[in-house]
Every structure is written in structure tokens, then in C-alpha cells.
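Shown next, in C-alpha cells, is the structure this report addresses.
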Amino acid sequence: MSKIDEKLQPVLDEVLRRNAGEAEFHQAVHEVLESLGRVVAKHPEYAHHALIERICEPERQIIFRVPWVDDSGQVQINRGFRVQFNSALGPYKGGIRFHPSVNLGIIKFLGFEQIFKNALTGMPIGGGKGGSDFNPRGRSDGEIMRFCQAFMTELQRHLGEYTDVPAGDIGVGGREIGYMFGQYKRLTNRYEAGVLTGKGLVYGGSRARTEATGFGLVYFVQQMLATKGATLDGKRVVVSGSGNVAIYAIEKVQQFDGRVLACSDSNGYVLDEGGIDLALLKEIKEVRRERLSDYVRMKGAGAHYIEGGSIWDVACDVALPCATQNELTGKDATTLIRNGVQVVGEGANMPSTPDAVDLFHQNGVMFAPGKAANAGGVATSALEMQQNASRDSWTFDQTEARLAQIMRGIHDNCAATADEYSAPGNYVLGANIAGFVRVAEAMQSLGVI
Ligand code: NDP
Ligand code: 2IT
């Protein structure tokens, strides 16, 4: 990572001191502060009243016990989190993650990223994130429901359509949102549709929300390619992960005539030179909720499963990391560059390590950071809130058209901001600065709170 501006170094030092051991949070703050040196040089007023120090400190952090009973009658204890990071632009907004790796530092990094991402969408939403160290793998539907109910029993007192509006993330999809919404409704005796997003279509969800993150990512990549007069047509694409974001990124790449050669899960990757069979992938992951290794067994000839392998060894033109943080390292970046990668678009949050990002920039690879490229999910969540507030429901085409327009706006804003700050083509700088400026202007207006 490059050097931090000398005025901002003490801010980073204080974040490191106060949040000892929270490596992912340190990484996320470091990357943003690295970009802000140029802003405070041009606009010193943004550093007044400890504004940047305040942005780095969550407004509220909630940690709670989640006791529940498993199918064998045993009491299980998990830990729940909600970090309400910044509400200058609107109610806290951001997903809930259920994964055994979840801890406070991970939720804080995600909440911090969410502030700038949500600002970039141009919608009235602040930043927050939540989750639990609950591991859904191998749990029955009844256990998932009881866990979601136990989690919401505590979390509900901190939520509200004008206060904090969660959605899904890793391990939390439509099923879990349904159970959490049901419990919220039962406890509050209010049909407050706008308190959660990612809901099912029959009870207040938005069309295109399920698809939005993956679709939005591919729209962003398409815009980047267009700046070079290129398209996705015929490009070889590799997508890591095989969850919500990955599946709909694959779908949109295929609609644009790109060839998706590989996808993965935490055990290995599938290589299918004929192109990933999306209907089969959806059947395995969305319907049966099975492992990706089943793909090869069901597909037969032409497909290979490489257990424990790195998907970044597959030669491609476009790489879309859509699994989790720090899944693409400097070593992986070196391999991708050697194999001729032209574009990297982050569907996941912070999937590339800082040395990987540096390598992409140094080697002329177009790089789209997650907080810009994956903002289509939360933007469509804000569209869901709009539909709930007006008791309306839009068509798929109308909603997707809004999503495409928002992604074009984010792309153009990041590109123009990078130009303005003398770093053409640097979407990391563009996204961090454009997101920050919107939040900073609101915070200045609201006084020291
Ligand atoms: P899902 O739970 O639907 O899928 C996650 C996928 O990533 C699975 O294939 C999973 O494999 C893999 N994965 C998760 N953790 C790890 C790990 N530690 N190592 C390797 N692979 C892992 O989640 P989503 O698709 O919703 O989320 C993926 C990423 O996108 C996350 O970074 C999330 O924060 C981000 N994101 C999600 C949005 C959304 O709307 N859902 C919006 C914006 C960003 P396995 O089954 O083996 O665990
Ligand atoms: O990381 C993210 O932007 C999400 N998980 C989606 C958040 C949301 O509120 O839709």
C-alpha cells in the first residue's frame, strides 16, 4: 500500500490503536484514507471538526447473545452484531452475514465500506452492517428458522424503516429474510414492509433485487470496457463464488455473450470449457442447496472439479471475484496478469488484497472496486424501500432499467472524480473520493453529532 498523507496518518494511527486486532477493518480504513489525502489538500474544510475521525468511528455498535435450540434439543449460543456506522444520508442500510468467520472487525469493515457505497448510489441511505458467527451449513430448515427468529428477537429493538434497514449478505438470502421479517412483524405487531429488503415478491419484495448485485456488477464492467471501445462479447470470464452475487453475474455475462468458464465455492472450482451451465448451477445452489462439486457429477463430460485449487489459475480476459474478502491475493493477481487479464470487477466486498490492487494498477488492468461495482444490490434495496413507502410494485423491466441507470451514474461519477483528482482510470480513488464527498457534505451540514 502507498503512503498516507501526513495529515491523515494520525487518524489512521488512532483507528489502529482503538480497534486493535481488527485486521479487515484496518485494511478498509487504510484504503479509504489513502485516497483522501488529495481531497483534504484541495478542500481542507472536509478535515475540520474531526470529520474524518468521526467517519471512522461507528455511531453505535450492538453485540448480543443469540440462544436457540437445535434439532437434537441442544441449546446453541451464537453472537449477533449490528454496527450502525453512519446515518448522515439516511437510515442505516446494509446486509446481514451468517458465517462462522464473522466477528466485530469483519462487520465493521463491511459497515465502513457500506457508508461510501451507499453514498455512491445517490440514494438516501446511511451505512450499517450486521451478522452472526452462526454457520448455516448442514442446518435443517427448522434450525435456520429458529435461529433467524432468535436473532431478530433481540435485533428488532434497534430497527425500523426510518432507523435501520437490514438485507441479506453471505449466508442470508430470501429464506432467511422471510423468517426474520415474520418474527419482526410478530414482535412489533406492525406490517412495516420497509424495515427489511430482499423480501419475497408476495410480501413486499422488489423485482430484480435477487439479481441486482450480479447484474449491476456486469453493467459496471460493461461501462468500463466501453471507455476502451470494447464489449463483453466473446470474452473469457471467470467468476469466483457460486452464491447470489456469482450466479447473477454469470447470468448477465451470458446475456452479453461473454463465456463464463469457471466458478467456485470454498472447497474448489468448476472448469467448464463449454461455458457454465447456469440452469444446472441454479438447481444445485438455489433449489437443492448442495455443494458445487455436484456440478461435475450431474453435468458429465466437459466439466472438471478442481478440489482445493485456485480459480485464479484459469486464464481469462475478465475476472469477477464474487465470494469473500481477501480471496484474490498478490500471487493470484500475478497469475491473472501473466495470463492476460484485462478487467477485474469486484462483486464481493474487498475481495482483492491491497498488493493485488496495486499490481492491477501498475499493469494497466482496469479495476473496479467493490464499493462501486457491487452497489447495484443496495441501490435496488433502496428501490424496494421506495416501492414499500409508496405501497407500489414495479415491473422487472422498470426496476432493472433503474438499476442500469444507477450503475452508469456510479461508473461515470467514479471516472469523472478520478479525472478531477489527476488519476484518470483509477476507480478506487474515484469511488472513495466521490463517496466521501457526499457523506462529508451532509455531515458538515448536520453539525458535530
Ligand atoms: P452467498 O452466501 O450467496 O454466497 C457466498 C459464496 O462465496 C459461496 O459460493 C461461498 O462458498 C463463497 N464463500 C463464502 N465465504 C467464503 C470463504 N471464506 N472462502 C471461500 N469462499 C467463500 O453470498 P453472496 O453471494 O450474497 O455474497 C458474496 C459476496 O458479495 C460477499 O462479499 C458479500 O458481502 C458481497 N455482496 C453481496 C451483496 C448481496 O446483495 N447479496 C451485495 C453486495 C456485496 P461456500 O458455500 O463454500 O461457503
Ligand atoms: O454488501 C452489500 O451491499 C449488501 N450485502 C447489500 C446490502 C443491502 O442493504 O441491500
Side-chain angles (χ1 to χ4, degrees), residues 1-2 27 30-32 34-35 214 216-241 245-246 249-250 252-253 256 258-264 269 310-375 407 410-412 414-419 421-434:
M1 280 189 264
S2 59
Q27 185 182 331
H30 192 135
E31 190 216 87
V32 169
E34 214 175 79
S35 300
L217 166 66
V218 177
Y219 283 126
F220 195 99
V221 166
Q222 192 194 31
Q223 293 292 323
M224 290 173 96
L225 284 165
T227 65
K228 309 273 184 209
T231 69
L232 277 165
D233 194 351
K235 292 271 187 307
R236 295 166 307 161
V237 182
V238 162
V239 180
S240 69
V245 180
I250 294 171
K252 189 52 81 179
V253 167
F256 287 138
R259 284 173 52 215
V260 182
L261 304 177
C263 64
S264 65
Y269 70 91
S310 168
I311 192 171
W312 310 122
D313 292 342
V314 179
C316 61
D317 306 304
V318 178
L320 304 178
C322 296
T324 194
Q325 64 274 358
N326 293 328
E327 57 161 315
L328 196 168
T329 63
K331 180 168 167 281
D332 300 325
T334 303
T335 308
L336 283 165
I337 292 163
R338 195 175 50 234
N339 287 334
V341 74
Q342 297 160 29
V343 185
V344 176
E346 294 190 326
N349 285 306
M350 206 170 76
S352 312
T353 60
D355 54 334
V357 178
D358 288 345
L359 284 164
F360 293 139
H361 282 149
Q362 286 156 15
N363 288 276
V365 175
M366 285 191 274
F367 176 76
K371 66 169 74 70
N374 72 33
M407 295 314 296
I410 297 173
H411 172 274
D412 293 353
C414 292
T417 306
D419 287 347
Y421 283 86
S422 317
N426 187 332
Y427 289 84
V428 173
L429 204 98
N432 286 337
I433 295 181

- Query: Among pairs that include at least one residue of residues 223-236, which meet salt bridge (Lys or Arg N to Asp or Glu O under 4.0 Å), considering only residues two or more places apart or in two chains?
  - Reply: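 Salt bridge (Lys or Arg N to Asp or Glu O under 4.0 Å) check on residues 223-236 returns Arg236-Asp317.
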- Item | Check: Asn374 side chain, Ala348 main-chain N or O, donor-acceptor pair, under 3.5 Å |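 Looks like yes, one N/O pair under 3.5 Å.
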- Note on the structure: Residue set satisfying side-chain hydrogen bond (donor to acceptor under 3.5 Å, both in side chains) with Asp419, at least two apart, ordered chain then number -> none
- Item | Partner residues of Thr329 under the side-chain hydrogen bond (donor to acceptor under 3.5 Å, both in side chains) criterion, sequence neighbours left out | Asp332
- Which heavy atom in Ser35 sits nearest to a heavy atom in Asn432, and how many Å separate them?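 Ser35 and Asn432 have their closest heavy atoms at OG-ND2, 2.9 Å.
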- With a 4.5 Å heavy-atom cut-off, do Ile433 and Thr417 have their side chains touching? yes
- Message: If you define the side chain from C-beta out and look only at heavy atoms, does anything of Leu217 sit under 4.5 Å from Lys252?
- Response: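 Side chain of Leu217 against side chain of Lys252, heavy atoms only: no contact under 4.5 Å found.
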- Residues at least two apart in sequence or cross-chain that pass side-chain contact (heavy atoms from CB on, under 4.5 Å) with Asn339, listed by chain then number, are Ala315, Thr335
- Set of residues satisfying side-chain contact (heavy atoms from CB on, under 4.5 Å) with respect to Ala368, sequence neighbours excluded: Phe220, Met224, Ala373
- Message: Testing Val318, Ile250, Leu320 one by one against Val260 for a side chain to side chain contact (heavy atoms under 4.5 Å, CB included), which residue passes?
- Response: Ile250
- Message: Tell me which one of Val239, Ile311, Val314, Val238 satisfies side chain to side chain contact (heavy atoms under 4.5 Å, CB included) with Ser264.
- Response: Ile311
- Query: Who pairs with Tyr269 by ring-ring contact (aromatic ring centres under 6.0 Å, His included), at least two apart in sequence or on another chain?
  - Reply: none
- Message: Side chains of Glu327 and Ser240 only: does a donor on one sit below 3.5 Å from an acceptor on the other?
- Response: yes
- Message: Is the distance between the ring centroids of Tyr219 and His411 under 6.0 Å?
- Response: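 For His411 and Tyr219, the ring centres are not under 6.0 Å apart.
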